[in-house]
Amino acid sequence: QKHKFWETQPVGQFKDVGSSSLPEGPIEMPTPISEVKQEPYNLPSLYEWTTCDMGSEEVCNEVYVLLMNNYVEDDDNMFRFNYSKEFLQWALRSPGYYSSWHVGVRVKASKKLVAFISGIPVNMRVRDQVVKMAEVNFLCVHKKLRSKRLAPVMIKEVTRRIHLENVWQAAYTAGVLLPTPLTTSQYWHRTLNPKKLIDVGFSRLGERMTMSRAIKLYKLPATTLTPGLRKMELRDVPAVTGLLRNYLSRFAVAPEFDENDVEHWLLPRENVVDSYLVESQVTHEITDFFSFYTLPSSILHSQEYSILKAAYTFYYVSTNTALLQLMNDALITAKQKNFDVFNALDVMENESFLKELKFGQGDGQLYYYLYNYRLSQALKPSELGLVLL
Ligand SMILES: CCOC(=O)c1cnc2ccc(OC)cc2c1SCCC#N
């Protein structure tokens, strides 16, 4: 009863966990497109489906406002994600995107946008199989419409539209445990602005930890330390693509990015994504890079502050510069850009630098899921080379 909806879906079921008899791979086979339900699922009579054209300033703003007021909050209701409009356009209009996968629900009478869910296409490698998948994200139902069982119909409708494009698998994350995680990752936070994090109540001072000691503890050099570190430019896309494809091949599950994907996901965009690389000053070879994305949060109950400026570790490759030094330069760069906190999950090789760079473990999990694809056993987070926004 707990997972009434998810027990009806082609996902690994808790009852099947550990049964090595079930084969790894798709759970349900594709059907001919002509057999996919051609018309949208039924909504309660007051509501209607809409396709959100994220290229429209007006519609993009409606999605932005819906998420700003109704999207995910932490368990203590201290923060709510506040994805920017530029970020949403970047996240949803990636190479090969389908506008039809940007699904909204409006009130028929007022045309008010009250729910949203999205998908974008990705070539995902799962062990040695490359599978066309959808990354499903930004499921949001207005606070006033919760418990009307709208989320299941949103998920079914975006799945139907994904099936119509002959895509049969998906990847998604959630902060809640559903059947059945691909992996369970932990959030880690590196304080950059200790005073603000203490003032908002996220961090606390102890007997021995005074404000001045906290400021000293998290202090960083004013400038980066790696020789040859510079911002990524368009001309670097081929080299970065080569580095990243090779690096991601070591993980059990990871996206297969081509140059078009790397140009979209990693070329710096102000207030959206920052990417820096190391160019050897002798050979001019590109040997390493790091990137982080900008995801502010509304601070929900503070008179002093309204926005938390948070940076999130994205993709990186280290071949010549130690990852520890590379990520320390990422922290220095984020501090230079006035971020308050630098966040990371324990996926990829992040565990190797988190403690030494003074990240603290958060109290939230992020569960990763695959839709219609079974793995014989869950992955360790360090076996995952995938960052979802
Ligand atoms: C200061 C550390 O916490 C966050 O950065 C933060 C910010 N906004 C959120 C909004 C919704 C939210 O819901 C789970 C969590 C946060 C978090 S903690 C988990 C994200 C990371 N890292």
Side-chain angles (χ1 to χ4, degrees), residues 64-84 87-88 138-144 146 173-177 184-220 271-272 274 292-314 327-328 330-347 350-351 353-367 381 387-389:
Y64 167 72
V65 169
L66 174 73
L67 295 177
M68 178 173 66
N69 294 321
N70 300 281
Y71 200 47
V72 183
E73 298 173 14
D74 66 297
D75 289 346
D76 302 329
N77 305 106
M78 191 178 291
F79 304 118
R80 185 186 306 125
F81 288 127
N82 186 344
Y83 288 86
S84 72
F87 190 107
L88 291 170
F138 302 112
L139 169 57
C140 180
V141 173
H142 195 286
K143 282 171 179 273
K144 295 209 168 88
R146 302 282 166 89
T173 57
V176 290
L177 179 60
T184 303
S185 65
Q186 305 284 336
Y187 283 118
W188 287 73
H189 314 292
R190 207 290 184 183
T191 295
L192 299 176
N193 182 346
K195 181 172 182 323
K196 183 167 177 179
L197 291 184
I198 289 160
D199 289 348
V200 304
F202 175 79
S203 308
R204 280 173 302 288
L205 291 176
E207 280 307 296
R208 307 226 300 270
M209 185 58 76
T210 60
M211 182 66 84
S212 65
R213 282 201 188 126
I215 290 166
K216 190 170 182 315
L217 173 65
Y218 293 115
K219 191 146 188 62
L220 288 161
N271 295 324
V272 172
D274 287 273
F292 54 83
Y293 60 84
T294 298
L295 168 49
S297 282
S298 303
I299 300 173
L300 299 177
H301 307 293
S302 161
Q303 282 86 352
E304 282 175 273
Y305 306 94
S306 56
I307 293 288
L308 178 81
K309 201 176 173 197
Y312 288 73
T313 312
F314 200 32
M327 294 313 287
N328 193 51
L331 293 176
I332 294 166
T333 305
K335 178 67 182 174
Q336 287 173 340
K337 292 167 177 283
N338 199 30
F339 283 92
D340 298 320
V341 65
F342 194 98
N343 293 325
L345 290 161
D346 56 358
V347 298
N350 294 359
E351 270 181 312
F353 59 77
L354 292 169
K355 286 183 179 150
E356 198 155 351
L357 293 185
K358 299 175 185 169
F359 285 74
Q361 187 169 335
D363 54 13
Q365 275 88 8
L366 188 69
Y367 300 93
V387 178
L388 297 187
L389 301 172

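- We find the OG1-CD1 distance between Thr210 and Ile215 to be 8.5 Å, quoted to the nearest 0.5 Å.
- Leu308 has its side chain within reach of Val341: a pair of non-hydrogen atoms, C-beta onward, lies under 4.5 Å apart.
- For the atom pair Arg80 CZ and Asn69 CG, the distance stands at 6.0 Å (nearest 0.5 Å).
- In this structure, the side chains of Leu192 and Leu197 stay at 4.5 Å or more apart for every pair of heavy atoms.
- Remark: Lys337 engages Asp274 in a salt bridge (Lys or Arg N to Asp or Glu O under 4.0 Å) (not counting sequence neighbours).
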After noting the C-alpha distance and the side-chain angles of Leu177 and Tyr367, does the key distance pass the side-chain contact (heavy atoms from CB on, under 4.5 Å) rule? CA-CA 7 Å; Leu177 179 60; Tyr367 300 93; 3.8 Å; yes

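- Judged purely by atom type and a 3.5 angstrom limit, Asn343 has no side-chain atom pairing as donor or acceptor with the backbone of Tyr312.
- Without hydrogens or angle criteria, Lys358 side chain to Tyr218 main chain gives no donor-acceptor distance under 3.5 Å.
- The two atoms that bring Phe342 and Ala334 nearest to each other are CD1-CB, 3.6 Å, heavy atoms only.
- Remark: side-chain polar atoms of Asp76 are not paired, donor with acceptor, to backbone N or O of Met78 under 3.5 angstrom.
- The aromatic rings of Phe138 and Tyr83 lie perpendicular to each other, with more than 60° between the two planes, well past the 30° mark.
- For Ser185 (side chain) and Leu366 (main-chain N/O), a donor-acceptor pair under 3.5 Å exists by modelled atom type.
- The CZ atom of Phe81 sits 8.5 Å away from atom CG of Asp74, with the distance rounded to the nearest 0.5 Å.
- Smallest separation of non-hydrogen atoms from Lys196 and Ile299: CE-CD1, 4.0 Å.
- Panel note: side chain Arg190, backbone Leu357; a donor-acceptor pair is recorded below 3.5 Å.
- With values rounded to the nearest 0.5 angstrom, Leu66 atom CG is found 10.0 Å from Met68 atom CE.
- The shortest distance between side-chain heavy atoms of Asp75 and Asp363 does not fall below 4.5 Å.
- Residues Asp346 and Trp188 form a side-chain contact, since some pair of their non-hydrogen atoms from C-beta on lies under 4.5 Å apart.
- Remark: Ile307 CD1 to Ser297 OG distance equals 8.0 Å, nearest 0.5 Å.
- Here the closest heavy-atom approach between residue Met327 and residue Thr313 is recorded as CE-CG2, 3.7 Å.
- Checked by atom type and distance alone, the side chain of Arg213 pairs as donor or acceptor with a backbone atom of Arg208 at under 3.5 Å.
- Looking at Leu205 and Ile198, their side chains come closer than 4.5 Å, going by heavy atoms from C-beta outward.
- At distances below 3.5 Å, at least one donor-acceptor pair connects side-chain atoms of Ser302 with backbone N or O atoms of Tyr305.
- Distance check, rounded to the nearest 0.5 Å: CG of Asp199 to CE of Met211 gives 5.0 Å.
- In this structure a side-chain-to-backbone donor-acceptor pair under 3.5 Å is missing from Lys143 to Asn70.
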Yes or no on side-chain contact (heavy atoms from CB on, under 4.5 Å) for Ser203 and Thr191, after CA distance, side-chain angles and deciding distance? CA-CA 9 Å; Ser203 308; Thr191 295; 4.3 Å; yes

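- Using the six-membered ring where Trp is involved, Phe79 and Phe202 have ring planes that are tilted, between 30° and 60° apart.
- Residues Asp340 and Val200 are not in side-chain contact: their nearest non-hydrogen atoms beyond the backbone lie 4.5 Å or more apart.
- In the model, Asn82 has a side-chain atom that pairs as donor or acceptor with a side-chain atom of Tyr64 under 3.5 Å.
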Begin with the C-alpha distance, continue with both residues' side-chain angles, and end with the deciding distance and a verdict on side-chain contact (heavy atoms from CB on, under 4.5 Å) for Tyr293 and Val272. CA-CA 6 Å; Tyr293 60 84; Val272 172; 5.9 Å; no

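- Taking the side chain as every heavy atom from C-beta outward, Thr333 and Phe292 approach each other to under 4.5 Å.
- Counting heavy atoms from C-beta outward, Asn193 and Lys309 have side chains that stay 4.5 Å or more apart.
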